[in-house]
Student: 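First the structure, then my questions, so here it is.
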Amino acid sequence: MSTPQTSPFFSRNVTPQNENPLSTQGRFGRLSLIAWSGFLNLITFFATLALSLFLGIFNFSTYSLESNLLQTFLSVAGLGFWVIFILYFYFSLVIMIRRLHDLNKSGWMLLLFFIPLINFFMALYVLLASGTAGLNQYGAPRTTPVWEKILAWLMIILFMLSFMASGSFISYMMGAGELETPQEVIQKGTEYF
């Protein structure tokens, strides 16, 4: 026979919740933010690619886009792209709200992401700041599942590799003379004066 567990008088009684990661309720740590953002971007990319192939907008054999791309987005066929965009936007907001909750901030701070220049510093803050240890006004910290940790680190490694590859590609193009260096751009731009 088990005895009921009692909690101290002044502490909160935390009940385990069956949380939904796609709900605005709850908290996301840094790795959860990176993992869910990466997952959302991958799903959106493949959904857009599949819809483009289905509608004949993109052709794998020529790697080209249809010339009437704008008309496609404004037609009934473009409704699928609008649905994908709206779902992507909504779930991006949900992920950011949960991350702000982990920092013990209101989800309304998300509006700062729509202000130019401030959005850059907000993104750094959300990405680099550590969450509140223990309970805050949005609940207990969420443990990050193993699959989220693996996906987050894969996204970080992929970002670093793509950053280095882009730098190498730009350096190669500058060395080959296909891309002007900043000094050449300034020199050509000031020749008039």
Student: Using the side chain to side chain donor-acceptor pair (under 3.5 Å) rule, collect all pairs that involve residues 36-51, keeping only residues at least two apart or in two chains.
Tutor: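 For residues 36-51: W36-E148, N41-Y88.
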Student: To the nearest 0.5 Å, what is the distance between CD (Q137) and OG1 (T132)?
Tutor: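 Spacing of CD (Q137) from OG1 (T132) equals 9.0 Å.
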Student: So, using side chain to side chain contact (heavy atoms under 4.5 Å, CB included) as the criterion, who are the partners of L117 when residues are at least two apart?
Tutor: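 Side chain to side chain contact (heavy atoms under 4.5 Å, CB included) check on L117 returns F121.
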Student: Any side-chain to backbone donor/acceptor pair from R30 onto L127? Under 3.5 Å, distance only.
Tutor: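 Such a contact is absent between R30 side chain and L127 backbone.
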Student: Looking at F113 and N119, what are the two nearest heavy atoms and their distance?
Tutor: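 It is O-CB, 3.1 Å.
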Student: If you round to the nearest 0.5 Å, how far is CG of L100 from CG of L93?
Tutor: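 So the CG of L93 and the CG of L100 are separated by 10.5 Å.
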Student: Taking only residues two or more places apart in sequence, or in another chain, which ones meet R27 in a side chain to side chain donor-acceptor pair (under 3.5 Å)?
Tutor: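 Listed in chain order: D102.
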Student: Quick one: closest heavy-atom pair of G134 and P141, and the distance?
Tutor: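 Taking every non-hydrogen atom into account, O-CD, 3.3 Å.
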Student: Under the side chain to side chain contact (heavy atoms under 4.5 Å, CB included) rule, collect the residues that match up with A129, sequence neighbours excluded.
Tutor: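 Partners of A129 under the side chain to side chain contact (heavy atoms under 4.5 Å, CB included) test: L103, Y125.
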Student: If a pair satisfies salt bridge (Lys or Arg N to Asp or Glu O under 4.0 Å) and one of its residues is in residues 106-120, list it, with sequence neighbours excluded.
Tutor: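 Residue pairs passing salt bridge (Lys or Arg N to Asp or Glu O under 4.0 Å), neighbours aside: none found.
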Student: So, taking the atom named OG1 in T144 and the one named CG in L33, what distance separates them when rounded to the nearest 0.5 Å?
Tutor: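 These two atoms lie 10.5 Å from each other.
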Student: Kindly write out the residues that satisfy side chain to side chain contact (heavy atoms under 4.5 Å, CB included) with M155, not counting sequence neighbours, or none if the list is empty.
Tutor: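 Counting only residues at least two positions away or on another chain, M155 forms a side chain to side chain contact (heavy atoms under 4.5 Å, CB included) with I34, L42, L151.
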Student: L154: what forms a side chain to side chain contact (heavy atoms under 4.5 Å, CB included) with it, not counting sequence neighbours?
Tutor: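 Partners of L154 by the side chain to side chain contact (heavy atoms under 4.5 Å, CB included) criterion, ordered by chain and then number, come out as I150.
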Student: Going hydrophobic residue to hydrophobic residue with side-chain gaps under 4.5 angstrom, can you get from L158 over to M160?
Tutor: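 No; M160 is not reachable from L158 via cluster members.
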Student: Under 4.5 Å between any side-chain heavy atoms of M122 and M109, yes or no?
Tutor: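 Yes, at least one pair of side-chain atoms sits under 4.5 Å.
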Student: Are there more than 12 heavy atoms of other residues, nucleotides or ligands under 6.0 Å from atom CZ of F114?
Tutor: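 Enclosed.
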Student: Kindly give the cluster partners of M164, where membership spreads through any ILVMFWY side chain lying under 4.5 Å from a current member.
Tutor: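 The other cluster members (ILVMFWY side chains, heavy atoms under 4.5 Å, direct or chained) are I157, L161.
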Student: Indicate whether any N or O donor in one side chain lies under 3.5 Å from an N or O acceptor in the other, for R142 and S32.
Tutor: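 Yes - a donor-acceptor pair under 3.5 Å links their side chains.
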Student: Once rounded to the nearest 0.5 Å, what's the spacing between atom CD1 of I84 and atom CZ of F45?
Tutor: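 Those atoms lie 12.0 Å apart.
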Student: For F91, which residues count as a ring pair (Phe, Tyr, Trp, His ring centres under 6.0 Å) partner, sequence neighbours excluded?
Tutor: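 Ring pair (Phe, Tyr, Trp, His ring centres under 6.0 Å) check on F91 returns nothing, list empty.
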Student: Given side chains that start at C-beta, do those of S92 and L40 come closer than 4.5 Å, heavy atoms only?
Tutor: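 Side-chain contact under 4.5 Å: yes.
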Student: Hey, which of Y138, F28, W108 is the one that makes ring pair (Phe, Tyr, Trp, His ring centres under 6.0 Å) with H101?
Tutor: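 Running ring pair (Phe, Tyr, Trp, His ring centres under 6.0 Å) over Y138, F28, W108 with H101 returns exactly one hit, Y138.
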Student: Rounded at 0.5 Å granularity, tell me how far CD1 in I86 sits from CG in L79.
Tutor: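 Taking CD1 in I86 and CG in L79, the distance rounds to 8.5 Å.
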Student: Of all the heavy-atom pairs spanning T24 and R98, show the shortest one and how long it is.
Tutor: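 Looks like O-CG, 4.0 Å.
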Student: Parallel, tilted or perpendicular: which fits the ring planes of F163 and F159, with parallel below 30° and perpendicular above 60°?
Tutor: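 Taking F159 first and then F163, their aromatic rings lie parallel (interplane angle under 30°).
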